[in-house]
Amino acid sequence: MPAPPEPVAPTAYSVPSLGYRILAAAARLVPLLILLVGLPVAALTYLQAQGISLPVSITTVEVAGVLISVLSTARYILRPTAAYGPVSIATSAVSVGYVLVLLAQSTYRISLPNSSLGVDVDYARLLELVLLVPALTLLASLVTTVEDAKAPKERLPFDYPA
């Protein structure tokens, strides 16, 4: 009868190498840039070419998308370090700010050219629900930052079990 496996010590962890984390983060960066910058900018450019006024500027979408993508990538790379919490706070703060900018412009009027006919679209409720995710992530990042300052490396066995 084989012996049962040895129990894993709660303090054991196995952090992936920096090279692997950079490679994995780069593999995440490309789809993030496509989803947060490429597709929205293409859609807004198409609408603008059709003579439809834009609900948000293309520059805002580009800057916010690039910032969120780059900060998210940096957060992934820095996860086993004490810098993870502050970078997570920055990522969440940029995300909250971006959604708040979108929320401020959440009522959009679509008018037919050369006509008084128009439709108002209000997507504020949807954006308020979307805002919950980065707001809760911001709070979690604050807690992570405080916990990392109190007890460095305490979360590593949970984030990177051996």
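One is the number of the first residue; the rest follow in order along the sequence.
Closest heavy-atom contact between L138 and A93: CD1-N, 4.2 Å. Across all non-hydrogen atoms, the minimal contact from L44 to L54 is O-CD2, 3.3 Å. In terms of heavy-atom proximity, P80 sits nearest to Y160 at CD-OH, 3.5 Å. S72 approaches L32 most closely through the heavy-atom pair OG-CD1, 3.8 Å. Across L29 and S69, no two heavy atoms sit closer than the pair CD1-O, 3.7 Å. Listed here is the closest heavy atom pair of A124 and L103: O-CD1, 3.6 Å.
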Show your reasoning for whether side-chain contact (heavy atoms from CB on, under 4.5 Å) applies to L132 and L129.
CA-CA 5 Å; L132 285 174; L129 290 173; 4.3 Å; yes
When you look at T73 and V70, which way does the side-chain contact (heavy atoms from CB on, under 4.5 Å) test go after all the steps?
CA-CA 5 Å; T73 301; V70 168; 5.7 Å; no
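Looking only at side-chain heavy atoms (C-beta outward), T107 and V121 stay at 4.5 Å or farther from each other. Side-chain contact between Y84 and T144: present, with at least one pair of heavy atoms (C-beta onward) separated by less than 4.5 Å. Side-chain contact between T60 and Y98: present, with at least one pair of heavy atoms (C-beta onward) separated by less than 4.5 Å.
Rounding to the nearest 0.5 Å gives a distance of 10.5 Å between OG1 of T81 and NZ of K153. Once rounded to the nearest 0.5 Å, the distance linking OG of S95 with CG of L100 reads 10.5 Å.
Criterion: ILVMFWY side-chain heavy atoms under 4.5 Å apart, direct or through other members. Under it, Y123 and L47 are part of a common hydrophobic cluster. Put simply, L33 and L67 are part of the same group of oily side chains (I, L, V, M, F, W, Y) that touch within less than 4.5 Å, one to the next. The same ILVMFWY cluster, assembled from side-chain heavy atoms under 4.5 Å apart, contains both V130 and V96. Using a 4.5 Å cut-off between side-chain heavy atoms of Ile, Leu, Val, Met, Phe, Trp and Tyr, with links allowed through other members, L78 and I68 fall into different hydrophobic clusters. Under the 4.5 Å side-chain heavy-atom criterion for grouping Ile, Leu, Val, Met, Phe, Trp and Tyr, L156 is not connected to I77 through any hydrophobic cluster.
Judged purely by atom type and a 3.5 angstrom limit, R21 uses its side chain to pair as donor or acceptor with the backbone of P16.
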